[in-house]
*Asks:* 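One structure coming up, written as structure tokens, with questions to follow.
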There are 2 protein chains.
Amino acid sequence: MKVKGIARRSIWLREDGWSLALIDQRHLPHEFRIATLTDCAQAATAIRDMWVRGAPLIGVTAAYGVCLAMRVDASDRALSDAIELLLATRPTAVNLRWALESMRSTLLALPVGERERAAYQRAAAIAEDDVSSCSRIGDHGLAIIESLADKKKGPLGILTHCNAGWLATVDWGTALAPIYKAHDAGIELMVYVDETRPRNQGASLTAWELQEHGVPFTVIVDNAGGHLMQHGKIDMCIVGSDRTTSRGDVCNKIGTYLKALAAHDNGIPFYVALPHSTIDWTLVDGIAEIPIEERSPREVSHMRGLDQEGQWQEIALMPEGSLALNIGFDVTPARLITGLITERGTCQASAEGLARLYDKGA
Amino acid sequence: MKVKGIARRSIWLREDGWSLALIDQRHLPHEFRIATLTDCAQAATAIRDMWVRGAPLIGVTAAYGVCLAMRVDASDRALSDAIELLLATRPTAVNLRWALESMRSTLLALPVGERERAAYQRAAAIAEDDVSSCSRIGDHGLAIIESLADKKKGPLGILTHCNAGWLATVDWGTALAPIYKAHDAGIELMVYVDETRPRNQGASLTAWELQEHGVPFTVIVDNAGGHLMQHGKIDMCIVGSDRTTSRGDVCNKIGTYLKALAAHDNGIPFYVALPHSTIDWTLVDGIAEIPIEERSPREVSHMRGLDQEGQWQEIALMPEGSLALNIGFDVTPARLITGLITERGTCQASAEGLARLYDKGA
């Protein structure tokens, strides 16, 4: 998608053909900075410290992290160490494991001397697969938006939580792909963007993406969505997923469950957009089985932003010495989800729905 | 309640017997500042700009605002002007109207020369009524907490939203009164405090109150409550009310509705604590009828706190030029509320429940 009119991806190879460039998302929306990664440890840091985030983008970054490791040492041991290091960075999104297992099985089958080149090929294929999945998610979601817009006078109100835009993937995004395609098709929209505390990915990343692309949006606090639904301002919700169980439970950014409850209470369709790499076929019950990341309390007790002189500042929000708890994700049970929008089409959030599209993971 | 060991109220008369002192809550939790009000216009500013907030405290402050006006001019016209000015400060909390109508009817019945003294008497009575109502709410709520604690091993998890503590009233608080009484009775608690964006009354005021009183608490972002309920961390919710309809719908800080939905979905009791002054007997359907305050978008787009040098800073959170919407309250339908805890006891959130306690407002 475009930034100041220039087509960008969230991650790409530099002209040297091996070092990795990515948008360092910690500085958005106030600064557009590009970081360069030259070794696997840096890739792990970039994922752990959230220079990049978003389930699909984490997977792609990890795949390239393996490439960087293979340049130095392509032995079985080095491969296994690299994968272990990268896997430990974030526990919830399953795309990370999926991408790393895909790298492992590809590379282990090859002689050591061929692994570096094959790693870059496989990582590039994972990235391209993500772009094309997201574009197709956009097409399938567009059909849903079109049919809702046909029945609506004035702009269609769409609520989204966190950032499941192109910054969470390589390009297009998951939840935002249908929104971009609908906007480009001339459908009048108003996107309500949940701020998404504690890290504010909505207010910083989603708002920035939509502004750069020219899609009308309004930022709201996470508390406001229920009220807007009660008063007819929201016609549909679309969010992303960090892990989807075989039965259609969806683990996504903390607070997603609350919006799904409100949508259900107000009869508003609630869709989840996700590529196949987000589905964990080994899991059934999302609430019981998905590991949920707990992050530093400092993300709750402090906040970063620009002061009046345009300098970054971190400010304290709570009385000194207060306990805070920072849970990264929650699970929305399938019963609250109207449909899953995947690259293969839209299905019910159920074992049957997913099996129809994927033939049980095939 | 106590601040650094000294018993305090949120508002009181100075030793001169007429000027008004109050805790300027805009500076909490980082600074404890007392402001003095000497005229009615200052009282209106203190309410509008949220030096004080919380439905009961707004009512008491407005009553004293009338006193300050009566000192200067106790004519019918001056009384009516003062009430009009004060009524226009905040639209949602009904206590404001209730307190002002109580002042009006008391003072209009008296000769002009007696009004100043009578105004101070009536305002003091409203304040004392609030203290005793809150204390009795604490007693009735304590009984509920005791019965839940009897069935629980380990600390009882109580979630609260916004600040309905002693800073929202004259003393004790509404939602926090039962918590203070339970803590003082030796019941082991863990209070989960919703941050409460956009103005963060939970992270700043509730956290500060609980810390000063020594009640164990954990601040969470507004997004986290649903997850904690799914995982058995919350045994009950208690919130306050800014306006309660005759049928038991409750208008409270934006986001309350989302927590009530989550409590309902997880079978967790959801209580609302409120004094009689919060009940609007003229209203039936809260969602359709209660006027909801919309405040400055800047409260969403910017945040204030202490920087690393201990200076107040306001920081920008969103891309420049983004739209934001700031809705102050939402309405939780009676069907989601387990019970209303009032100074007369606990009742069902229904016309019948309220009528049993209040004989239809008598």
Side-chain angles (χ1 to χ4, degrees), chain A residues 28-30 192 194-198 200 203-204 207-208 211 216-228 230-231 253-259 261-262 265 287 292 297 300-308 313-327 329-331, chain B residues 28-30 192 194-198 200 203-204 207-208 211 216-228 230-231 253-259 261-262 264-265 287 292 300-308 313-327 329-331:
Chain A
L28 290 174
H30 304 300
Y192 289 94
D194 275 351
E195 173 184 52
T196 320
R197 285 280 289 144
N200 286 29
S204 55
W208 182 81
Q211 190 179 57
F217 69 94
T218 302
V219 177
I220 54 175
V221 295
D222 301 307
N223 284 321
H227 171 85
L228 293 176
Q230 287 176 325
H231 290 271
K253 183 58 53 197
I254 191 85
T256 301
Y257 166 54
L258 296 172
K259 295 302 142 60
L261 284 168
D265 198 47
I287 294 173
I292 302 289
V300 175
S301 62
H302 290 69
M303 199 178 257
R304 286 177 78 241
L306 282 199
D307 69 14
Q308 275 141 330
Q313 289 280 357
E314 188 181 68
I315 58 173
L317 307 176
M318 293 163 38
E320 218 182 305
S322 303
L323 276 187
L325 180 64
N326 184 8
I327 312 261
F329 302 88
D330 64 19
V331 172
Chain B
L28 290 173
H30 304 301
Y192 289 94
D194 274 353
E195 173 184 51
T196 319
R197 284 279 288 145
N200 286 31
S204 54
W208 182 80
Q211 191 179 56
F217 68 94
T218 302
V219 178
I220 54 173
V221 295
D222 301 306
N223 284 322
H227 171 85
L228 293 176
Q230 286 176 326
H231 289 270
K253 182 60 52 199
I254 192 84
T256 301
Y257 166 54
L258 296 172
K259 295 301 140 62
L261 284 168
H264 190 259
D265 198 47
I287 294 172
I292 301 289
V300 176
S301 62
H302 291 69
M303 199 177 256
R304 286 177 77 239
L306 281 199
D307 69 14
Q308 275 140 329
Q313 289 281 355
E314 187 182 69
I315 57 172
L317 306 176
M318 293 161 39
E320 218 182 306
S322 302
L323 276 187
L325 180 65
N326 184 6
I327 311 264
F329 302 89
D330 65 20
V331 172

*Asks:* What heavy-atom pair brings A:Ser204 and B:Pro319 nearest, and what distance separates the two atoms?
*Replies:*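 Taking A:Ser204 first and B:Pro319 second, the nearest heavy atoms are O-CG, 4.3 Å.
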
*Asks:* Check each atom of A:Glu195 against the heavy atoms of chain B and say whether the ones under 4.5 Å are side chain, backbone, both or neither.
*Replies:*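 For A:Glu195, side-chain heavy atoms alone lie under 4.5 Å from chain B.
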
*Asks:* CD/B:Gln313 to CG/A:Leu306 distance, rounded to the nearest 0.5 angstrom?
*Replies:*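 These two atoms lie 11.0 Å from each other.
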
*Asks:* Measure distances from A:Leu261 to the heavy atoms of chain B and classify the residue's part below 4.5 Å as side chain, backbone, both or neither.
*Replies:*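 Both parts, heavy atoms under 4.5 Å.
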
*Asks:* Pick from A:Ala262, A:Gly225, A:Pro297: which one has the most heavy-atom pairs with chain B under 4.5 Å?
*Replies:*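 Of the candidates given, the most pairs with chain B belong to A:Ala262.
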
*Asks:* With only heavy atoms counted, which part of A:Gln211 is less than 4.5 Å from chain B, the side chain, the backbone, both or neither?
*Replies:*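 Only the side chain of A:Gln211 comes within 4.5 Å of chain B.
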
*Asks:* So which of A:Ile327, A:Asp194, A:Leu28, A:Leu317 has the biggest tally of heavy-atom pairs under 4.5 Å with chain B?
*Replies:*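 The option with the most such pairs is A:Leu317.
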
*Asks:* Which one of A:Gln308, A:Glu314, A:His30 has the most heavy-atom pairs closer than 4.5 Å to chain B?
*Replies:*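 Heavy-atom pairs under 4.5 Å are most numerous for A:His30.
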
*Asks:* With a 4.5 Å cut-off on heavy-atom pairs, point out which of A:Asn326, A:Thr218, A:Leu228 contacts chain B the most.
*Replies:*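 Ranked by contacts with chain B, first place is A:Thr218.
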
*Asks:* Between A:His227 (side chain only) and B:Tyr257 (backbone N and O only), is there a donor and an acceptor less than 3.5 Å apart?
*Replies:*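 Flag not set: sc A:His227 to bb B:Tyr257 has no pair under 3.5 Å.
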
*Asks:* Could you tell me the separation between the OH atom of A:Tyr192 and the CG atom of B:Leu323, rounded to the nearest 0.5 Å?
*Replies:*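 Output value for this atom pair is 9.5 Å.
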
*Asks:* Quick one: which of A:Glu320, A:Lys259, A:Met303 has the most heavy-atom pairs under 4.5 Å with chain B, could you say?
*Replies:*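 Sorted descending by pairs with chain B, the first entry is A:Met303.
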
*Asks:* Measure B:Asn200 against the heavy atoms of chain A and call it side chain, backbone, both or neither at under 4.5 Å.
*Replies:*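 Contact with chain A: side chain only.
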
*Asks:* Non-hydrogen atoms of chain B under 4.5 Å away: do they reach the side chain of A:Asp222, the backbone, both or neither?
*Replies:*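 Both parts, heavy atoms under 4.5 Å.
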
*Asks:* If you take all heavy atoms of A:Pro198 and B:Val221, which pair is closest and at what distance?
*Replies:*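 Shortest heavy-atom separation between A:Pro198 and B:Val221 comes out as CB-CG1, 3.8 Å.
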
*Asks:* Let me know if B:Ile220 has heavy atoms under 4.5 Å from chain A in its side chain, its backbone, both or neither.
*Replies:*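 Contact with chain A is through both the backbone and side chain of B:Ile220.
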
*Asks:* With chain A, which of B:Thr196, B:Asp330, B:Thr256, B:Leu258 has the greatest number of heavy-atom pairs at distances under 4.5 Å?
*Replies:*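 Heavy-atom pairs under 4.5 Å are most numerous for B:Leu258.
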
*Asks:* Please report the interatomic distance CD(A:Gln230) to CD1(B:Ile292), rounded to the nearest 0.5 Å.
*Replies:*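 Between atom CD of A:Gln230 and atom CD1 of B:Ile292 there are 8.5 Å.
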
*Asks:* With a 4.5 Å cut-off on heavy-atom pairs, point out which of A:Asn223, A:Ile254, A:Val331 contacts chain B the most.
*Replies:*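 Ranked by heavy-atom pairs under 4.5 Å with chain B, first place is A:Asn223.
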
*Asks:* Check A:Ile287 against B:His231 and note the closest heavy-atom contact, atom names and distance.
*Replies:*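 For A:Ile287 and B:His231, the tightest heavy-atom pair comes out as O-CE1, 3.3 Å.
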
